[in-house]
Protein chains: 2
Amino acid sequence: MRTVVCVSMLEHLNKEIGKRKAMDAEILDQDIKAKGLKVTIPRMKVLAVLSAEKDAPHLSAEEVYNRLLAMGEEVSLPTVYRVLAQFESAGLVKRHCFDGDRAVYEIDDGEAHNHMVCVCCSEVIEFVDSVIADKLQRLAAYQGFTISDYNLVLHGVCAQCK
Amino acid sequence: MRTVVCVSMLEHLNKEIGKRKAMDAEILDQDIKAKGLKVTIPRMKVLAVLSAEKDAPHLSAEEVYNRLLAMGEEVSLPTVYRVLAQFESAGLVKRHCFDGDRAVYEIDDGEAHNHMVCVCCSEVIEFVDSVIADKLQRLAAYQGFTISDYNLVLHGVCAQCK
DNA sequence: CTCCCTGCAAATCCTTTGCACGACA
DNA sequence: TGTCGTGCAAAGGATTTGCAGGGAG
């Protein structure tokens, strides 16, 4: 994954800090506990897999499950779904439906960001843009609409695939 | 549905023209024929239901199916799915996954627009904004990413629900 | 010790497909 | 007449749930 910063370096810094925090196993466990969830092996491992940002940080439930199997962890697929759902409610992970087919999950570092998804290689490029965010707020306010969350996904062809 | 125009009156006019065109039954049939599809009753009726913009113009396959039943049309659910899929390929309708649960369909008037979806009443407010569209093009270009399509959905609470 | 969490299996939901019949060109 | 479109039933895949046993606090 490539993370792109387009507007402010401050946003970039905040994001990196969030990532670093999220990668620390102890803190991850504390996050689980802080949400009133017991710190169990499946929960720790699921969060660990999603925090391992070397490769795709956007994993489907089944992909998470497969990574766990590869790690030698004995976790069932329903548990992965349950844990992910709980983490989403707890604000620890974010769920996206890029294609409407299967959902993908990523660590929720608290910062809203958007995605470009390559239709060829499925690579995901994240980006933030405060101009767009501000504009959306204004457009919503104009409608008397209060934004709780928004999804912005670009589909197209990435640089490598051209 | 309320349609909101935020930037240019030209966009608004174009859209209204598209809507009016889409509501004319004969032209709808011609659209079907123009795509190399036979003009059959299920196809005409599905397009008619989606073109009736009095109420929600964003219908799931099952909702389309129910409207057809209410109209006394004998159409099967698989056929509705098939027709909608064909129409999507033909560019007559657009498919969206607002919540990732069930897909919804709307007439594709050729103009890209975005959606605000109320989490309370499910009302959908459409809006267009060329500033955002331009900004996205620039952001994508900066990445060497060619946008083929994009989805922007705001979730939140609409004015009525407050 | 008690309640929460998990695994297993089965169920559910939306959506798609196989097949044979009927309709339009 | 041949191909395309449809209905029906069944399959398919992702996700959820019921239940009983096991583990965390």
Side-chain angles (χ1 to χ4, degrees), chain A residues 26 28-50 58-69 71-90 92-105 122, chain B residues 28-49 58-69 71-90 92-105 122:
Chain A
E26 293 180 22
L28 288 179
D29 296 354
Q30 291 176 16
D31 284 340
I32 296 174
K33 201 175 300 180
K35 300 299 179 180
L37 299 172
K38 288 183 182 176
V39 180
T40 63
I41 291 175
R43 285 176 179 156
M44 290 188 300
K45 297 301 180 183
V46 166
L47 211 45
V49 164
L50 285 175
H58 300 86
L59 301 176
S60 68
E62 191 158 15
E63 284 167 340
V64 170
Y65 173 65
N66 287 331
R67 308 255 169 149
L68 293 175
L69 291 189
M71 290 165 58
E73 298 296 331
E74 304 228 337
V75 181
S76 70
L77 187 53
T79 291
V80 172
Y81 275 106
R82 277 186 284 233
V83 167
L84 288 171
Q86 292 157 346
F87 284 178
E88 194 196 3
S89 302
L92 292 176
V93 307
K94 252 181 162 321
R95 176 189 154 122
H96 295 281
C97 297
F98 288 157
D99 52 359
D101 193 13
R102 32 171 56 186
V104 295
Y105 300 82
S122 297
Chain B
L28 288 178
D29 296 353
Q30 290 176 16
D31 283 340
I32 296 175
K33 200 176 301 181
K35 302 298 179 179
L37 299 172
K38 288 183 184 175
V39 180
T40 64
I41 291 176
R43 285 174 181 159
M44 289 189 300
K45 298 301 180 182
V46 166
L47 212 45
V49 165
H58 300 87
L59 301 176
S60 68
E62 192 158 15
E63 285 167 338
V64 171
Y65 173 64
N66 288 331
R67 309 255 168 149
L68 293 176
L69 290 189
M71 290 166 57
E73 297 297 332
E74 303 227 338
V75 181
S76 70
L77 187 53
T79 292
V80 172
Y81 275 105
R82 275 187 285 234
V83 167
L84 287 171
Q86 291 159 346
F87 284 177
E88 194 197 2
S89 302
L92 292 177
V93 307
K94 253 183 159 327
R95 175 189 157 124
H96 295 281
C97 298
F98 288 157
D99 52 359
D101 192 14
R102 33 173 54 186
V104 295
Y105 299 82
S122 297

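Heavy-atom basis, side chains included; hydrogens, waters and symmetry copies ignored. The structure displayed is predicted, hence computed values, not measured ones.
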Once you round it to whole Å, what is the distance between [atom2] of [N] and [atom1] of [X]?
X	N	atom1	atom2	value
B:Glu63	C:dC13	CD	C1'	15 Å
A:Tyr81	C:dC5	OH	P	20 Å
A:Leu84	D:dT15	CG	C1'	11 Å
A:Arg43	D:dG23	CZ	P	16 Å
B:Arg95	C:dT16	CZ	C1'	11 Å
A:Leu77	C:dA11	CG	P	18 Å
B:Tyr65	C:dT15	OH	C1'	14 Å
A:Glu62	D:dG12	CD	P	16 Å

A side-chain contact here means heavy atoms from C-beta on lying under 4.5 Å apart; do [X] and [Y] qualify?
X	Y	value
B:Arg43	B:Lys38	yes
B:Lys45	B:Val75	no
A:Leu59	A:Asn66	no
B:Tyr105	B:Val64	no

Identify whether any heavy atom of [X] sits under 4.0 Å from a base atom; if not, whether one sits that close to sugar-phosphate; answer base, sugar-phosphate or nothing.
X	value
B:Pro42	sugar-phosphate
A:Ala85	nothing
A:Arg82	base

Please give me the minimum heavy-atom distance between A:Leu77 and A:Tyr65, naming the atom from each residue.
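Of all heavy-atom pairs spanning A:Leu77 and A:Tyr65, the closest is N-CE1, 3.5 Å.
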
Fill in: Exercise: identify the closest heavy-atom pair between A:Ser60 and A:Arg102
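Closest approach of A:Ser60 to A:Arg102: OG-NH1, 3.5 Å.
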
**Request:** Take A:Leu47 and A:Val93, measure what side chain to side chain contact (heavy atoms under 4.5 Å, CB included) needs, and give me the verdict at the end.
**Result:** CA-CA 9 Å; A:Leu47 211 45; A:Val93 307; 4.2 Å; yes

*A:Val104 and side-chain contact (heavy atoms from CB on, under 4.5 Å): which partner among A:Arg95, A:Lys94, A:His96?*
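Running side-chain contact (heavy atoms from CB on, under 4.5 Å) over A:Arg95, A:Lys94, A:His96 with A:Val104 returns exactly one hit, A:His96.
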
Each nucleotide of nucleotides 20-25 of chain C classed B (base within 4.0 Å of a protein heavy atom), S (only sugar-phosphate) or -, in 5' to 3' order, makes ----B-

Discussion item. Let me test you: for the helix from C:dC1-D:dG25 to C:dA25-D:dT1, what is the angle between the axes at its two ends (five pairs each), rounded to 10 degrees?
Written reply: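 Result, rounded to 10 degrees: 30°.
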
Take atom CD1 of A:Ile41 as the centre, draw a 6.0 Å sphere, and report whether it contains more than 12 heavy atoms from other residues, nucleotides or ligands.
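Result for CD1/A:Ile41: open.
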
(Q) Given D:dA14, D:dG7, C:dT6, identify the nucleotide with an atom nearest to the side chain of A:Thr79. (A)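 Of all the options, the side chain of A:Thr79 is nearest to C:dT6.
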
**Asked** Which listed nucleotide (D:dT6, C:dT6, C:dT16) is nearest to the side chain of B:Val83?
**Response**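 The listed nucleotide nearest to B:Val83's side chain is D:dT6.
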
